[in-house]
Amino acid sequence: NVPKKKKYASPEEIEELLIEADVEYDLVEKIVASLPAKVNRVALKNELLFLFKPANAPQADIKPFVELIIGVNGAGKTTTIAKLAYRYKQEGKSVILGAADTFRAAAIEQLTRWAQKLDVPIVATKQGHDPSAVAYDTIAKAKAKNIDNVLIDTAGRLHTQTNLAEELKKIVRVCGKAMEGAPHRKLLILDGTQGTSAINQAKTFHEMVGVDGVIVTKLDGTAKGGALLSISHELQLPILFVGTGEKMEDLAPFDPNEYVDAILDAIFE
Amino acid sequence: MFETLSNSFSSALKKIRFKDDEKALKKALAELKKSLLKADVHHKVVKELLQRVELDTKAAGIGRDSFLKALQKNLTQILTAPGKQGFVYASKPPTVVLMTGLQGSGKTTTTGKLANYLKLRGKKVLVVAADLQRLAAVEQLRQIAQQIDVDFFGEEDEKDPVKVVNDALKLAREKLYDVVLIDTAGRLAIDEALMEELKRVKEAANPDEVFYVADSLTGQDAVRSAAKFNEDIGITGVILTKYDGDSKGGVAISLAHQIGVPLRFIGTGEKMPDLEVFIPERITNRLMGA
Ligand SMILES: Nc1nc2c(ncn2[C@@H]2O[C@H](COP(=O)(O)OP(=O)(O)OP(=O)(O)O)[C@@H](O)[C@H]2O)c(=O)[nH]1
Ligand SMILES: Nc1nc2c(ncn2[C@@H]2O[C@H](COP(=O)(O)OP(=O)(O)OP(=O)(O)O)[C@@H](O)[C@H]2O)c(=O)[nH]1
Ligand SMILES: [K+]
Ligand SMILES: [Mg+2]
Ligand SMILES: [Mg+2]
């Protein structure tokens, strides 16, 4: 039952397209209300592209440049760290990882295996130890060894678990003690298969610690990650990268054009 | 079942008076649509539910009571997928369970939770590490098993999950285990090579149950992926994880209806005791209020 691709679509068809792509329903209503009775691909594309503010959160010229990776359980934080480390290495930079998820079973081993695979140093303790101490030690080691990039993993936490918010705030504070201005970027990892929850996640984490950029994972599947539209438009958070697989190479800079095209491909020729 | 109609649904109800006209019904239906879609209920299920509620309300005479009744009746029907409830043991042990699903949905953790649940019920349980893809997945299950004091089977440096499963089942039969829980690697439903591998794992395991572990925060894609797993592998139950999140149960309603496979358990936290037998009322309550 592959739907036939078309030149024009009705507002009803566009509504379904956007809902199916997980665009927030309030936004769907707004978009659809502004459309004429017959819409072509270009018109809708412009409408959607408009929602993406030119968003860049450039890496400042700071050394070491410290990034803290946060997000809900299983979103892809640890894997994305490996992808970013691989990317920085390709750019000729030196990288160190901090295994500050001291909670989940074998989270430390997972990141340690990645470090071995990537051939980069890692700072790790035992399960149950204080994650902010790990963050501190990683930054200290980076300073001592003159390393360019620091990537710090954290335990997955649902945005609804308010008790875990304090722990995250503490990690952020302690990073600042290890180096003024650190962490320089707090990157929120969002699972692209998630629905309206992703918007709530972005809101809550942003309120909690201030998010500097978003990386959306698992867009190699059939999900379209339409929550990004609200996250970019309403929360004005820059979308930096998309994850497109489980390997360290599977990370691409976010391209609004390509992203919107992938949504439109479902009905338009 | 639906005593506590609050917030999300009450706004729909407010649009319609004790006795009212078609225009009011249309408004109430529009509100209803909005709250269902905001709860990530699959759009096809929303459409069907709205149609049924409209028909039933009109048949009974448009008004608040008939609208409410129609909503209750049809929600209940949609939540009720035929099949087993909770954990069901095979007539001849060991009961073999295959844990499947997308990446990061919670398979490994839920394998531990189920093992713990069964151990507390006096069963001799073996957990099997057949995820040989994700880094340190075997180690993760080993640590979980140790933590709950349940037997673990894994083969260091093995590449073929089929071999692991065969060896584990041989051991389970010899040592008279009651239940064998097999963790598998997460995979996308459209990844043909990995789905092919899962078919071979299933053949080797010849499981009594194939559980599909789904993240309850998933959006509209939940139905598509679960349907594909069901088509390709055949699933006998769904376990919804991360139910401690802000999901209003949209995935539950969508899956039960669109896939026609019963929901069996829900995961409500990261710790081993955080597992509950699925009870439709809980989902409905979440969807309808709180
Ligand atoms: N298909 C696909 N899978 C991904 C992607 N990113 C991560 N994954 C997979 O998703 C699963 C979870 O990834 P992790 O990196 O362990 O996620 P996490 O957020 O660190 O998880 P916790 O630490 O348990 O909260 C793993 O099986 C990854 O291989 C992606 O872009 N595409
Ligand atoms: N809050 C919460 N977290 C959960 C629940 N179930 C699992 N998790 C967490 O979700 C993350 C992913 O769980 P895993 O069990 O590693 O998921 P998986 O499906 O085995 O992942 P892959 O093997 O990479 O595909 C971990 O951080 C778990 O602790 C739950 O019900 N609630
Ligand atoms: K949901
Ligand atoms: Mg992790
Ligand atoms: Mg796993």
Side-chain angles (χ1 to χ4, degrees), chain A residues 15-26 28-29 72-79 82 103-114 116-117 127 155-161 164 191-201 204 217-218 220-227 245-246, chain B residues 30 33-44 46-47 102-109 112 133-147 185-191 194 215-225 228 241-242 244-248 250-251 269-270:
Chain A
E15 182 185 272
E16 193 171 307
L17 171 79
L18 296 177
I19 290 172
E20 181 131 358
D22 284 317
V23 179
E24 189 184 24
Y25 189 64
D26 286 336
V28 173
E29 276 189 315
V72 298
N73 309 81
K77 294 175 293 301
T78 306
T79 310
F103 179 75
R104 208 207 68 205
I108 295 167
E109 286 83 351
Q110 187 187 0
L111 194 67
T112 303
R113 300 267 178 97
W114 272 119
Q116 284 162 0
K117 219 171 164 155
Q127 201 183 0
R157 67 199 76 222
L158 293 182
H159 48 304
T160 46
Q161 291 169 309
L164 294 181
D191 180 333
T193 66
Q194 293 184 345
T196 45
S197 173
I199 300 165
N200 297 338
Q201 288 165 30
T204 314
T217 62
K218 308 183 192 175
D220 46 326
T222 39
K224 297 296 193 323
E246 299 188 75
Chain B
K33 174 180 170 184
K34 196 181 254 189
S35 50
L36 290 167
L37 286 171
K38 284 189 167 191
D40 290 330
V41 180
H42 193 260
H43 65 91
K44 283 189 184 141
V46 173
K47 210 179 233 170
L102 303 178
Q103 287 99 341
S105 62
K107 294 172 295 300
T108 307
T109 309
Q133 304 267 339
R134 171 170 164 177
L135 294 182
V138 175
E139 183 57 27
Q140 185 186 0
L141 190 62
R142 186 202 311 276
Q143 288 185 15
I144 288 173
Q146 197 170 25
Q147 185 194 327
R187 65 201 80 215
L188 294 171
I190 52 164
D191 188 327
L194 285 182
D215 181 338
S216 61
L217 306 176
T218 318
Q220 298 282 316
D221 196 55
V223 167
R224 203 185 292 120
S225 292
K228 189 84 169 65
T241 61
K242 308 179 199 174
D244 43 330
D246 53 355
S247 165
K248 291 279 195 288
V251 170
E270 293 182 77

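Using modelled atom types, no side-chain atom of Lys117(A) and backbone atom of Leu135(B) make a donor-acceptor pair closer than 3.5 Å. Between the side chain of Gln143(B) and the main chain of Ala106(A), a donor-acceptor pair closer than 3.5 Å is present.
Atom CG of Asp246(B) and atom OG1 of Thr196(A) lie 6.5 Å apart (nearest 0.5 Å). Atoms NZ and OG1, from Lys218(A) and Thr218(B) in turn, are 8.5 Å apart once rounded to the nearest 0.5 Å. The OG1 atom of Thr109(B) sits 8.0 Å away from atom CG of Asn73(A), with the distance rounded to the nearest 0.5 Å.
The two residues Ala136(B) and Arg113(A) have their closest heavy-atom pair at N-NH1, 3.7 Å. The two residues Leu217(B) and Ser197(A) make their nearest non-hydrogen contact at CD2-OG, 3.7 Å. Considering all non-hydrogen atoms of both residues, Ala105(A) and Ile144(B) come closest at CB-CG1, 3.8 Å.
Heavy atoms of Glu15(A) lying under 4.5 Å from chain B belong exclusively to its side chain. For a residue to count as touching a neighbouring chain, one of its non-hydrogen atoms must lie under 4.5 Å from one of that chain's; by this rule Glu270(B) touches chain A with the side chain only. Residue Lys228(B) does not touch chain A at all, counting heavy-atom pairs closer than 4.5 Å. For chain B, the nearby part of Thr160(A) is the side chain; its heavy atoms alone come within less than 4.5 Å.
Put simply, of Glu139(B), Lys47(B), Arg224(B), the one with the most heavy-atom pairs under 4.5 Å next to chain A is Arg224(B). Note on Val72(A), Ile108(A), Asp26(A): by heavy-atom pairs under 4.5 Å with chain B, the leading option is Asp26(A). The residue among Lys224(A), Gln201(A), Glu109(A), Glu24(A) with the most heavy atom pairs within less than 4.5 Å of chain B is Glu109(A). For the set Lys38(B), Arg134(B), Lys242(B), Gln147(B), the count of heavy-atom pairs under 4.5 angstrom toward chain A peaks at Arg134(B).
Annotation: side chain of Glu16(A) is in contact with side chain of His43(B) (closest heavy-atom distance under 4.5 Å). A 4.5 Å side-chain heavy-atom check between Asp244(B) and Leu158(A) finds at least one atom pair inside the cut-off.
By the side chain to side chain contact (heavy atoms under 4.5 Å, CB included) test, Ile190(B) pairs with Thr222(A), Leu188(B), sequence neighbours left out.
Neither side chain, Gln133(B) nor Glu246(A), offers a donor N or O lying under 3.5 Å from an acceptor on the other.
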